[in-house]
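All remarks here apply to the structure that follows.
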Amino acid sequence: MKRTRIKTILSSEKPIDLVLIKGWVRTRRDSRTFSFIELNDGSCLNNIQVIADDLLKNYEQIKKLSTGSSVSVKGTMHESPGKGQKWEIHASEIEVISLAPDDYPLQKKRHTDEFLRTISHLRPRTNKYGAAFRIRSKLSYAIHRFFQDLGFTYVQTPILTGSDCEGAGELFQVTTLDIDNPPRSNGKTDYQNDFFGKTANLTVSGQLEGEMFALALGDIYTFGPTFRAENSNTSRHASEFWMVEPEMAFCDLAEDMDYAEKFIKFLVDYVIKNCAEDLELFAKFVDKTLMSTLETIGSKKFIRLPYSEAVTILNQSGKKFNYDVFFGADLQTEHERFLAENHFKQPVILYDYPKTIKPFYMRLNDDDKTVAAMDVIVPRIGEIIGGSQREDRLELLETRMDDTGVSREEHWWYLDSRRYGSVPHSGFGLGFERLIMLVTGITNIRDVIPFPRTPGSIEF
RNA sequence: UCCCCAGUAGCUCAGUCGGCAGAGCAGGUGGCUGUUAACCACCGUGUCCGUGGUUCGAGUCCGCGCUGGGGAGCCA
(Lines give C-alpha, C1' and ligand atoms only; values in the text may rest on other atoms or scores of the structure.)
Protein backbone atom coordinates (compact mmCIF):
# COMPACT_ATOMS: atom_id res chain seq x y z
CA MET A 1 0.00 0.00 0.00
CA LYS A 2 1.25 3.46 -0.91
CA ARG A 3 1.35 6.23 1.63
CA THR A 4 -0.88 9.26 1.19
CA ARG A 5 0.31 12.74 2.09
CA ILE A 6 -1.48 14.43 4.95
CA LYS A 7 -2.10 17.46 2.74
CA THR A 8 -4.01 15.24 0.33
CA ILE A 9 -6.25 13.57 2.88
CA LEU A 10 -6.97 16.80 4.77
CA SER A 11 -8.35 18.32 1.59
CA SER A 12 -10.57 15.30 0.97
CA GLU A 13 -14.30 15.95 0.47
CA LYS A 14 -15.42 12.64 1.92
CA PRO A 15 -14.33 9.95 4.41
CA ILE A 16 -11.76 7.38 3.31
CA ASP A 17 -12.08 3.68 4.15
CA LEU A 18 -8.43 2.82 4.35
CA VAL A 19 -5.39 5.07 4.22
CA LEU A 20 -1.70 4.74 5.02
CA ILE A 21 0.08 7.81 6.36
CA LYS A 22 3.60 8.28 7.66
CA GLY A 23 5.02 11.16 9.60
CA TRP A 24 6.42 12.58 12.81
CA VAL A 25 4.59 12.95 16.10
CA ARG A 26 4.08 16.59 17.07
CA THR A 27 2.32 15.82 20.35
CA ARG A 28 0.39 13.05 22.04
CA ARG A 29 -2.44 13.29 24.59
CA ASP A 30 -3.79 10.32 26.45
CA SER A 31 -7.42 9.68 27.16
CA ARG A 32 -8.81 6.82 29.23
CA THR A 33 -9.09 4.18 26.57
CA PHE A 34 -7.20 5.79 23.73
CA SER A 35 -4.55 8.28 22.79
CA PHE A 36 -4.62 11.33 20.49
CA ILE A 37 -1.59 11.63 18.21
CA GLU A 38 -0.94 14.81 16.23
CA LEU A 39 0.92 13.70 13.12
CA ASN A 40 2.74 15.91 10.63
CA ASP A 41 4.52 14.79 7.47
CA GLY A 42 5.72 18.16 6.18
CA SER A 43 3.35 18.20 3.22
CA CYS A 44 1.40 21.02 4.83
CA LEU A 45 1.22 23.09 7.97
CA ASN A 46 -1.64 21.18 9.56
CA ASN A 47 -1.34 17.95 11.49
CA ILE A 48 -3.83 15.14 11.30
CA GLN A 49 -5.26 13.79 14.54
CA VAL A 50 -4.85 10.05 14.90
CA ILE A 51 -6.96 8.08 17.37
CA ALA A 52 -5.02 5.12 18.76
CA ASP A 53 -7.25 3.06 21.02
CA ASP A 54 -6.06 0.60 23.64
CA LEU A 55 -7.19 -2.39 21.58
CA LEU A 56 -4.11 -1.95 19.39
CA LYS A 57 -1.71 -4.76 20.18
CA ASN A 58 1.26 -2.43 20.66
CA TYR A 59 -0.68 0.17 22.70
CA GLU A 60 1.89 0.14 25.51
CA GLN A 61 4.54 1.13 22.98
CA ILE A 62 2.27 3.78 21.44
CA LYS A 63 1.81 5.37 24.86
CA LYS A 64 5.55 6.00 24.91
CA LEU A 65 5.46 7.97 21.63
CA SER A 66 7.16 11.29 22.24
CA THR A 67 7.42 14.47 20.19
CA GLY A 68 9.64 13.87 17.17
CA SER A 69 9.05 10.11 16.92
CA SER A 70 8.23 8.69 13.50
CA VAL A 71 5.29 6.39 12.84
CA SER A 72 3.37 4.70 10.09
CA VAL A 73 -0.41 4.62 10.51
CA LYS A 74 -3.07 2.60 8.75
CA GLY A 75 -6.69 3.41 9.41
CA THR A 76 -9.96 4.94 8.32
CA MET A 77 -10.52 8.66 7.99
CA HIS A 78 -13.83 9.96 9.24
CA GLU A 79 -15.30 13.21 10.50
CA SER A 80 -13.99 14.17 13.91
CA PRO A 81 -16.59 14.35 16.69
CA GLY A 82 -14.31 16.77 18.56
CA LYS A 83 -13.89 20.48 17.88
CA GLY A 84 -10.88 21.90 16.11
CA GLN A 85 -10.52 19.60 13.12
CA LYS A 86 -12.70 18.29 10.37
CA TRP A 87 -11.10 14.89 9.85
CA GLU A 88 -9.34 12.38 12.03
CA ILE A 89 -7.91 8.94 11.47
CA HIS A 90 -8.98 5.98 13.52
CA ALA A 91 -5.93 3.73 13.48
CA SER A 92 -6.23 0.03 12.83
CA GLU A 93 -2.47 -0.41 12.88
CA ILE A 94 0.38 1.81 14.08
CA GLU A 95 3.98 0.95 13.41
CA VAL A 96 6.53 2.84 15.44
CA ILE A 97 9.33 3.50 12.96
CA SER A 98 11.65 5.25 15.40
CA LEU A 99 11.28 6.67 18.90
CA ALA A 100 12.72 10.10 19.65
CA PRO A 101 14.40 10.06 23.08
CA ASP A 102 13.43 12.72 25.59
CA ASP A 103 16.47 14.82 24.73
CA TYR A 104 14.80 15.75 21.42
CA PRO A 105 15.46 19.49 21.36
CA LEU A 106 12.15 20.61 19.87
CA GLN A 107 9.33 21.00 22.33
CA LYS A 108 5.73 21.67 21.53
CA LYS A 109 5.97 25.16 22.88
CA ARG A 110 7.43 28.11 21.04
CA HIS A 111 11.20 28.46 20.72
CA THR A 112 13.15 31.59 19.92
CA ASP A 113 14.57 32.04 16.42
CA GLU A 114 18.03 32.42 17.98
CA PHE A 115 17.81 29.01 19.63
CA LEU A 116 16.44 27.38 16.48
CA ARG A 117 19.39 28.76 14.48
CA THR A 118 21.67 26.64 16.66
CA ILE A 119 19.72 23.57 15.47
CA SER A 120 19.26 24.47 11.80
CA HIS A 121 19.16 20.77 10.97
CA LEU A 122 15.99 20.28 13.05
CA ARG A 123 14.17 23.59 12.70
CA PRO A 124 12.38 22.68 9.44
CA ARG A 125 10.34 20.36 11.68
CA THR A 126 8.69 23.35 13.33
CA ASN A 127 5.52 24.98 12.02
CA LYS A 128 7.11 28.33 11.24
CA TYR A 129 10.20 27.04 9.46
CA GLY A 130 8.29 24.33 7.62
CA ALA A 131 6.00 27.05 6.31
CA ALA A 132 8.89 29.37 5.43
CA PHE A 133 10.68 26.72 3.40
CA ARG A 134 7.55 25.57 1.62
CA ILE A 135 7.01 29.20 0.61
CA ARG A 136 10.65 29.44 -0.50
CA SER A 137 10.06 26.45 -2.75
CA LYS A 138 6.84 27.86 -4.21
CA LEU A 139 8.52 31.20 -4.88
CA SER A 140 11.36 29.45 -6.71
CA TYR A 141 8.83 27.79 -8.93
CA ALA A 142 6.95 31.06 -9.45
CA ILE A 143 10.15 32.76 -10.61
CA HIS A 144 10.65 30.19 -13.35
CA ARG A 145 6.99 30.30 -14.18
CA PHE A 146 7.01 34.09 -14.63
CA PHE A 147 9.94 34.17 -16.99
CA GLN A 148 9.19 30.98 -18.87
CA ASP A 149 5.65 32.18 -19.59
CA LEU A 150 7.15 35.38 -21.01
CA GLY A 151 9.43 33.35 -23.27
CA PHE A 152 12.66 34.01 -21.37
CA THR A 153 15.51 31.48 -21.50
CA TYR A 154 17.01 30.25 -18.23
CA VAL A 155 20.80 30.55 -18.26
CA GLN A 156 23.09 28.95 -15.69
CA THR A 157 25.96 31.39 -15.33
CA PRO A 158 29.16 30.10 -13.73
CA ILE A 159 29.66 29.89 -9.99
CA LEU A 160 33.44 29.78 -10.38
CA THR A 161 34.74 32.86 -12.15
CA GLY A 162 38.05 34.19 -13.32
CA SER A 163 37.10 37.85 -13.15
CA ASP A 164 36.03 39.87 -10.18
CA CYS A 165 32.98 40.91 -12.17
CA GLU A 166 31.57 44.31 -11.40
CA GLY A 167 33.46 44.78 -8.17
CA ALA A 168 30.14 44.12 -6.48
CA GLY A 169 31.81 43.07 -3.27
CA GLU A 170 34.60 41.22 -1.58
CA LEU A 171 35.37 37.87 -3.18
CA PHE A 172 35.80 34.38 -1.86
CA GLN A 173 38.95 33.05 -3.49
CA VAL A 174 39.01 29.46 -4.66
CA THR A 175 42.34 27.68 -4.84
CA THR A 176 43.92 24.25 -4.72
CA LEU A 177 47.32 25.64 -3.80
CA ASP A 178 48.85 24.60 -0.50
CA ILE A 179 48.01 27.72 1.46
CA ASP A 180 50.67 26.98 4.07
CA ASN A 181 53.35 26.82 1.44
CA PRO A 182 52.24 28.37 -1.88
CA PRO A 183 54.58 28.55 -4.88
CA ARG A 184 56.06 32.02 -5.13
CA SER A 185 57.69 34.17 -7.78
CA ASN A 186 58.93 37.73 -7.39
CA GLY A 187 57.83 37.69 -3.77
CA LYS A 188 54.19 36.98 -4.65
CA THR A 189 52.05 33.87 -4.78
CA ASP A 190 52.37 32.34 -8.25
CA TYR A 191 48.87 31.54 -9.43
CA GLN A 192 50.10 30.19 -12.75
CA ASN A 193 50.39 26.91 -10.89
CA ASP A 194 46.92 27.17 -9.38
CA PHE A 195 44.14 24.91 -10.64
CA PHE A 196 42.92 27.25 -13.39
CA GLY A 197 46.32 28.82 -14.11
CA LYS A 198 45.12 32.10 -12.64
CA THR A 199 43.19 33.33 -9.62
CA ALA A 200 39.62 32.11 -9.32
CA ASN A 201 36.72 33.24 -7.19
CA LEU A 202 33.12 32.47 -6.35
CA THR A 203 30.74 34.62 -8.34
CA VAL A 204 29.30 37.83 -6.95
CA SER A 205 26.87 38.25 -9.85
CA GLY A 206 25.98 36.51 -13.09
CA GLN A 207 25.10 39.75 -14.80
CA LEU A 208 27.99 40.21 -17.20
CA GLU A 209 27.68 36.62 -18.43
CA GLY A 210 23.91 37.05 -18.51
CA GLU A 211 24.30 40.04 -20.83
CA MET A 212 26.23 37.90 -23.31
CA PHE A 213 23.31 35.50 -23.50
CA ALA A 214 20.69 38.25 -23.71
CA LEU A 215 22.61 39.55 -26.73
CA ALA A 216 22.16 36.16 -28.35
CA LEU A 217 18.90 34.69 -27.04
CA GLY A 218 17.02 37.94 -26.53
CA ASP A 219 15.44 37.62 -23.09
CA ILE A 220 17.15 35.54 -20.45
CA TYR A 221 17.25 35.13 -16.69
CA THR A 222 19.61 33.58 -14.20
CA PHE A 223 18.64 32.18 -10.83
CA GLY A 224 21.39 30.83 -8.64
CA PRO A 225 23.72 31.25 -5.70
CA THR A 226 25.94 34.27 -5.18
CA PHE A 227 28.78 34.76 -2.73
CA ARG A 228 30.05 37.86 -0.98
CA ALA A 229 32.95 37.78 1.47
CA GLU A 230 31.88 41.02 3.10
CA ASN A 231 32.02 41.38 6.85
CA SER A 232 28.39 42.42 6.99
CA ASN A 233 26.77 41.66 10.32
CA THR A 234 23.17 42.57 9.73
CA SER A 235 19.84 40.81 9.55
CA ARG A 236 19.66 41.48 5.80
CA HIS A 237 23.01 40.11 4.58
CA ALA A 238 24.37 36.60 4.11
CA SER A 239 27.65 35.39 2.63
CA GLU A 240 25.80 32.96 0.36
CA PHE A 241 22.47 33.98 -1.10
CA TRP A 242 20.43 33.53 -4.24
CA MET A 243 19.80 36.10 -6.93
CA VAL A 244 17.47 36.33 -9.88
CA GLU A 245 18.95 38.34 -12.73
CA PRO A 246 16.88 38.85 -15.88
CA GLU A 247 18.48 40.58 -18.85
CA MET A 248 16.51 41.84 -21.84
CA ALA A 249 17.79 42.83 -25.29
CA PHE A 250 16.17 45.78 -27.06
CA CYS A 251 14.93 47.08 -23.73
CA ASP A 252 15.30 50.52 -22.17
CA LEU A 253 15.12 51.62 -18.54
CA ALA A 254 11.38 52.34 -18.59
CA GLU A 255 10.65 48.82 -19.83
CA ASP A 256 13.11 47.45 -17.29
CA MET A 257 11.09 49.12 -14.53
CA ASP A 258 7.89 47.70 -16.04
CA TYR A 259 9.33 44.20 -15.84
CA ALA A 260 10.52 44.69 -12.26
CA GLU A 261 7.13 45.89 -11.09
CA LYS A 262 5.25 43.19 -12.93
CA PHE A 263 7.64 40.56 -11.54
CA ILE A 264 7.19 41.51 -7.90
CA LYS A 265 3.42 41.79 -8.28
CA PHE A 266 3.29 38.36 -9.90
CA LEU A 267 5.30 36.74 -7.10
CA VAL A 268 3.26 38.34 -4.32
CA ASP A 269 0.04 37.34 -6.05
CA TYR A 270 1.33 33.82 -6.60
CA VAL A 271 2.07 33.32 -2.92
CA ILE A 272 -1.30 34.74 -1.83
CA LYS A 273 -3.05 32.31 -4.17
CA ASN A 274 -0.88 29.23 -3.65
CA CYS A 275 0.45 29.43 -0.08
CA ALA A 276 -2.62 30.69 1.76
CA GLU A 277 -2.36 28.33 4.72
CA ASP A 278 1.34 28.90 5.36
CA LEU A 279 0.95 32.64 4.79
CA GLU A 280 -1.76 32.77 7.42
CA LEU A 281 0.71 31.56 10.04
CA PHE A 282 2.97 34.51 9.30
CA ALA A 283 0.08 36.98 9.21
CA LYS A 284 -1.05 35.68 12.60
CA PHE A 285 2.18 35.14 14.53
CA VAL A 286 5.00 37.00 12.76
CA ASP A 287 3.63 40.22 11.26
CA LYS A 288 0.05 41.35 11.80
CA THR A 289 0.30 43.88 8.96
CA LEU A 290 1.56 41.30 6.47
CA MET A 291 -1.60 40.88 4.41
CA SER A 292 -2.22 44.60 4.03
CA THR A 293 1.42 45.10 3.03
CA LEU A 294 1.12 42.42 0.38
CA GLU A 295 -2.18 43.78 -0.86
CA THR A 296 -0.66 47.25 -1.20
CA ILE A 297 2.17 45.82 -3.28
CA GLY A 298 -0.28 43.91 -5.44
CA SER A 299 -2.73 46.72 -6.05
CA LYS A 300 -0.84 50.04 -6.10
CA LYS A 301 1.16 51.19 -9.07
CA PHE A 302 4.75 51.64 -7.94
CA ILE A 303 5.81 55.29 -7.63
CA ARG A 304 8.56 56.21 -10.11
CA LEU A 305 10.78 58.95 -8.88
CA PRO A 306 14.01 60.35 -10.33
CA TYR A 307 16.86 60.39 -7.83
CA SER A 308 17.10 64.19 -8.02
CA GLU A 309 13.45 64.55 -7.00
CA ALA A 310 13.98 62.10 -4.14
CA VAL A 311 16.78 64.34 -2.89
CA THR A 312 14.39 67.31 -2.97
CA ILE A 313 11.65 65.42 -1.13
CA LEU A 314 14.05 64.24 1.55
CA ASN A 315 15.45 67.73 2.07
CA GLN A 316 11.98 69.28 2.26
CA SER A 317 10.61 66.58 4.56
CA GLY A 318 11.71 68.39 7.68
CA LYS A 319 12.97 65.11 9.04
CA LYS A 320 16.39 65.01 10.62
CA PHE A 321 18.60 62.32 9.08
CA ASN A 322 21.93 61.00 10.33
CA TYR A 323 23.36 61.37 6.84
CA ASP A 324 23.01 64.53 4.75
CA VAL A 325 21.20 64.37 1.44
CA PHE A 326 22.54 66.20 -1.59
CA PHE A 327 22.91 65.43 -5.29
CA GLY A 328 25.76 62.93 -5.53
CA ALA A 329 25.18 61.36 -2.13
CA ASP A 330 24.22 57.72 -2.06
CA LEU A 331 20.85 57.28 -0.40
CA GLN A 332 21.12 55.55 2.95
CA THR A 333 18.82 52.96 4.47
CA GLU A 334 17.13 55.67 6.52
CA HIS A 335 16.35 57.68 3.37
CA GLU A 336 15.01 54.76 1.39
CA ARG A 337 12.85 53.60 4.26
CA PHE A 338 11.54 57.11 4.83
CA LEU A 339 10.40 57.30 1.21
CA ALA A 340 8.77 53.86 1.11
CA GLU A 341 7.39 53.71 4.65
CA ASN A 342 6.59 57.29 5.64
CA HIS A 343 6.33 59.50 2.59
CA PHE A 344 4.69 57.26 -0.03
CA LYS A 345 3.75 54.25 2.13
CA GLN A 346 4.14 51.92 -0.83
CA PRO A 347 6.85 50.58 -3.17
CA VAL A 348 8.92 53.22 -4.94
CA ILE A 349 11.24 52.92 -7.93
CA LEU A 350 14.06 55.44 -7.85
CA TYR A 351 15.92 56.04 -11.11
CA ASP A 352 18.56 58.15 -12.88
CA TYR A 353 21.21 58.07 -10.17
CA PRO A 354 24.42 60.14 -10.31
CA LYS A 355 27.05 58.27 -12.32
CA THR A 356 29.60 58.81 -9.56
CA ILE A 357 27.91 56.35 -7.20
CA LYS A 358 27.11 53.62 -9.73
CA PRO A 359 29.17 50.94 -11.50
CA PHE A 360 30.77 51.19 -14.95
CA TYR A 361 28.25 49.17 -16.95
CA MET A 362 25.26 51.48 -16.45
CA ARG A 363 24.24 53.59 -19.44
CA LEU A 364 25.22 57.24 -19.29
CA ASN A 365 22.27 59.62 -19.68
CA ASP A 366 22.37 62.62 -22.03
CA ASP A 367 22.90 65.00 -19.08
CA ASP A 368 26.34 63.37 -18.65
CA LYS A 369 25.72 63.42 -14.88
CA THR A 370 23.35 60.52 -14.30
CA VAL A 371 23.08 56.90 -15.40
CA ALA A 372 20.01 54.86 -16.34
CA ALA A 373 19.88 53.00 -13.03
CA MET A 374 16.85 52.04 -10.97
CA ASP A 375 16.26 50.63 -7.50
CA VAL A 376 12.97 49.19 -6.29
CA ILE A 377 12.40 50.11 -2.65
CA VAL A 378 9.74 48.32 -0.64
CA PRO A 379 8.52 49.04 2.89
CA ARG A 380 10.34 47.21 5.70
CA ILE A 381 12.97 45.60 3.44
CA GLY A 382 14.41 48.59 1.61
CA GLU A 383 16.12 47.85 -1.68
CA ILE A 384 14.86 44.59 -3.14
CA ILE A 385 15.78 45.12 -6.78
CA GLY A 386 18.64 47.00 -8.39
CA GLY A 387 18.91 47.31 -12.12
CA SER A 388 19.87 49.47 -15.07
CA GLN A 389 19.97 49.95 -18.77
CA ARG A 390 23.47 48.85 -19.75
CA GLU A 391 25.98 51.00 -21.58
CA ASP A 392 25.81 49.67 -25.12
CA ARG A 393 28.17 52.23 -26.74
CA LEU A 394 31.71 50.86 -26.89
CA GLU A 395 33.63 54.14 -26.54
CA LEU A 396 31.57 55.36 -23.62
CA LEU A 397 31.86 51.99 -21.91
CA GLU A 398 35.63 51.98 -22.30
CA THR A 399 35.85 55.50 -20.89
CA ARG A 400 33.75 54.50 -17.90
CA MET A 401 35.92 51.46 -17.30
CA ASP A 402 39.04 53.57 -17.36
CA ASP A 403 37.46 56.12 -15.02
CA THR A 404 36.37 53.50 -12.50
CA GLY A 405 39.52 51.39 -12.68
CA VAL A 406 37.99 48.33 -14.31
CA SER A 407 40.41 46.42 -16.51
CA ARG A 408 39.59 46.51 -20.22
CA GLU A 409 42.03 43.70 -20.84
CA GLU A 410 40.33 41.33 -18.45
CA HIS A 411 36.89 42.17 -19.84
CA TRP A 412 37.83 41.77 -23.51
CA TRP A 413 34.97 39.33 -23.97
CA TYR A 414 32.49 41.74 -22.40
CA LEU A 415 33.65 44.54 -24.69
CA ASP A 416 33.27 42.22 -27.69
CA SER A 417 29.50 42.31 -27.17
CA ARG A 418 29.59 46.08 -27.81
CA ARG A 419 31.87 45.58 -30.79
CA TYR A 420 29.65 43.16 -32.66
CA GLY A 421 26.01 44.10 -33.08
CA SER A 422 25.58 45.98 -29.83
CA VAL A 423 21.99 46.83 -28.91
CA PRO A 424 20.27 48.67 -26.08
CA HIS A 425 19.57 46.22 -23.28
CA SER A 426 18.60 46.26 -19.63
CA GLY A 427 18.31 44.01 -16.63
CA PHE A 428 18.03 43.84 -12.90
CA GLY A 429 18.89 41.70 -9.90
CA LEU A 430 16.52 40.60 -7.17
CA GLY A 431 17.71 39.26 -3.83
CA PHE A 432 15.72 36.06 -3.43
CA GLU A 433 15.99 35.95 0.37
CA ARG A 434 14.80 39.53 0.67
CA LEU A 435 11.78 38.58 -1.37
CA ILE A 436 11.01 35.74 1.05
CA MET A 437 11.42 38.16 3.95
CA LEU A 438 9.03 40.58 2.29
CA VAL A 439 6.43 37.90 1.68
CA THR A 440 6.61 36.20 5.10
CA GLY A 441 7.40 39.11 7.41
CA ILE A 442 10.46 37.26 8.71
CA THR A 443 12.96 39.91 9.76
CA ASN A 444 16.25 37.99 9.77
CA ILE A 445 17.77 36.62 6.56
CA ARG A 446 19.23 33.70 8.55
CA ASP A 447 15.71 32.42 9.01
CA VAL A 448 14.77 32.16 5.33
CA ILE A 449 17.89 30.19 4.29
CA PRO A 450 17.99 26.45 5.08
CA PHE A 451 21.58 26.53 6.33
CA PRO A 452 22.68 30.18 6.44
CA ARG A 453 26.28 31.29 5.95
CA THR A 454 27.31 34.52 7.65
CA PRO A 455 30.67 35.84 8.85
CA GLY A 456 32.06 33.41 11.40
CA SER A 457 29.22 30.93 10.98
CA ILE A 458 29.23 27.82 8.79
CA GLU A 459 28.33 25.06 11.24
CA PHE A 460 26.06 22.94 9.09
C1' U B 1 34.35 47.16 10.72
C1' C B 2 31.69 50.70 14.25
C1' C B 3 27.78 51.74 18.20
C1' C B 4 24.31 49.58 21.74
C1' C B 5 22.14 45.33 24.45
C1' A B 6 22.30 40.36 26.35
C1' G B 7 24.51 35.52 28.21
C1' U B 8 21.36 31.96 34.98
C1' A B 9 18.25 24.37 34.62
C1' G B 10 17.07 20.78 28.22
C1' C B 11 13.83 25.49 26.62
C1' U B 12 11.66 30.55 28.00
C1' C B 13 12.87 33.68 31.74
C1' A B 14 12.97 36.00 37.11
C1' G B 15 16.77 36.90 40.61
C1' U B 16 15.52 43.53 44.86
C1' C B 17 20.71 47.20 48.07
C1' G B 18 26.62 42.63 46.97
C1' G B 19 24.54 38.04 51.81
C1' C B 20 22.14 29.98 51.18
C1' A B 21 20.05 29.66 43.09
C1' G B 22 14.03 29.69 41.39
C1' A B 23 9.42 29.81 38.40
C1' G B 24 6.81 28.04 34.07
C1' C B 25 7.43 24.61 30.20
C1' A B 26 9.93 20.03 28.84
C1' G B 27 11.20 15.07 31.44
C1' G B 28 9.64 11.10 35.41
C1' U B 29 5.53 8.93 38.64
C1' G B 30 0.35 8.79 39.81
C1' G B 31 -4.67 10.66 38.83
C1' C B 32 -8.55 12.64 35.61
C1' U B 33 -10.31 13.43 30.88
C1' G B 34 -13.14 13.28 22.97
C1' U B 35 -8.43 15.82 24.07
C1' U B 36 -6.27 19.80 21.06
C1' A B 37 0.23 24.50 23.51
C1' A B 38 -5.21 19.55 27.74
C1' C B 39 -5.65 19.56 33.15
C1' C B 40 -4.37 18.23 38.72
C1' A B 41 -0.70 16.36 42.45
C1' C B 42 4.22 14.92 43.53
C1' C B 43 9.68 14.34 41.95
C1' G B 44 14.76 15.62 39.77
C1' U B 45 17.68 19.28 37.39
C1' G B 46 22.94 24.29 37.62
C1' U B 47 30.91 25.29 35.06
C1' C B 48 25.10 31.54 36.90
C1' C B 49 29.55 32.20 29.11
C1' G B 50 35.12 32.31 30.17
C1' U B 51 39.05 34.84 32.56
C1' G B 52 41.39 38.37 35.82
C1' G B 53 40.23 41.87 39.69
C1' U B 54 37.54 44.68 43.91
C1' U B 55 35.33 42.67 48.56
C1' C B 56 34.78 39.34 54.86
C1' G B 57 31.49 37.73 50.87
C1' A B 58 30.18 38.40 43.56
C1' G B 59 24.89 35.55 39.42
C1' U B 60 24.94 40.86 40.99
C1' C B 61 30.40 45.74 40.75
C1' C B 62 35.01 46.65 37.37
C1' G B 63 38.71 45.12 33.17
C1' C B 64 39.63 41.79 29.11
C1' G B 65 37.89 37.93 25.89
C1' C B 66 34.13 34.71 23.55
C1' U B 67 29.17 33.93 21.76
C1' G B 68 24.36 35.74 20.40
C1' G B 69 20.99 39.82 19.18
C1' G B 70 19.57 44.98 17.50
C1' G B 71 21.22 49.22 14.67
C1' A B 72 24.86 51.50 11.09
C1' G B 73 28.28 51.02 7.02
C1' C B 74 29.10 47.81 2.58
C1' C B 75 25.03 45.71 -0.52
C1' A B 76 21.01 42.11 -2.78
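Just so you know, these numbers use all the heavy atoms, side chains as well, and skip hydrogens, waters and symmetry mates. Reminder, nothing fancy here: chain letters follow the sequence lines and each chain counts from 1.
- Taking 4.0 angstrom as the limit, A/Arg236 places none of its side-chain polar atoms (N or O) nearer than this to OP1 or OP2 of B/rG71.
- Within the nucleic acid shown, A/Gln85 comes within 4.0 Å of at least one base atom, counting heavy atoms only.
- B/rA38 atom C1' lies 12 Å from atom CD of A/Gln49, rounded to whole Å.
- Figure legend. B/rU1 is base-paired to B/rA72; pairs are counted as Watson-Crick or G-U wobble with both atom distances under 3.5 Å.
- Nucleic acid contact for A/Glu240: none, since no nucleic acid atom lies under 4.0 Å from a heavy atom of the residue.
- For A/Ser80 against B/rG34, a side-chain N or O and a base N or O form a donor-acceptor pair under 3.5 Å.
- Comparing B/rG57 with B/rA38, their P atoms are spaced 49 Å from each other, to the whole Å.
- Among the atoms of the strands shown, base atoms are found under 4.0 Å from some heavy atom of A/Asn231.
- Under the 4.0 Å criterion applied to side-chain N and carboxylate O atoms, A/Lys128 and A/Asp113 are assigned as salt-bridge partners.
- Counting only distance, with no hydrogens or angles, the side chain of A/Tyr307 and the backbone of A/Gly328 share a donor-acceptor pair below 3.5 Å.
- Counting distance only, with no hydrogens placed and no angle test, the side-chain atoms of A/Asp30 and the base atoms of B/rU35 include no donor-acceptor pair under 3.5 Å.
- Using the Watson-Crick or G-U wobble rule with both distances under 3.5 Å, B/rU67 pairs with B/rA6.
- Residue A/Tyr323 is classed as a sugar-phosphate contact, given heavy-atom separations below 4.0 Å to backbone atoms only.
- A/Thr112 has no side-chain polar atom (N or O) that falls below the 4.0 Å cut-off from OP1 or OP2 of B/rG69.
- Nucleotide B/rG27: paired with B/rC43 (Watson-Crick or G-U wobble, both distances less than 3.5 Å).
- Remark: side-chain polar atoms of A/Gln346 are paired, donor with acceptor, to backbone N or O of A/Lys301 under 3.5 angstrom.
- The separation between A/Arg446 atom CZ and B/rG70 atom P is 6 Å, rounded to whole Å.
- In this entry B/rU16 has no Watson-Crick or G-U wobble partner, no candidate having both defining distances under 3.5 Å.
- Note on A/Thr226: nothing from the nucleic acid sits closer than 4.0 angstrom, heavy atoms only.
- The CZ atom of A/Arg110 sits 17 Å away from the P atom of B/rC25 (whole-angstrom rounding).
- Note on A/Glu341 versus A/Arg337: salt bridge recorded, some NZ/NE/NH1/NH2 to OD/OE distance being below 4.0 Å.
- Comparing B/rG22 with B/rC43, their P atoms are spaced 15 Å from each other, to the whole Å.
- In this model, no side-chain donor or acceptor of A/Ser232 finds a partner on the base of B/rC75 within 3.5 Å.
- Going from atom CD of A/Gln107 over to atom P of B/rC25 covers 11 Å, rounded to whole Å.
- Counting non-hydrogen atoms under 4.0 angstrom, A/Asn444 reaches the backbone sugars and phosphates but no base.
- Rounded to whole Å, atom P of B/rA37 lies 17 Å from atom CD1 of A/Ile37.
- The base of B/rC75 lies close enough to the side chain of A/His237 for a donor and an acceptor atom to sit less than 3.5 Å apart.
- Residue-environment remark: CD1 (A/Ile179) stays at or below the threshold of 12 foreign heavy atoms within 6.0 Å.
- Here A/Arg29 reaches the OP1 or OP2 of B/rA38: one of its side-chain N or O atoms lies under 4.0 Å away.
- In this structure, the CZ atom of A/Phe115 is 11 Å from the C1' atom of B/rA26, given to the nearest Å.
- Remark: A/Asp41 engages A/Arg3 in a salt bridge, criterion side-chain N to carboxylate O under 4.0 Å.
- On a pure distance criterion of 3.5 Å, no polar donor-acceptor pair joins the side chain of A/Glu114 and the base of B/rG7.
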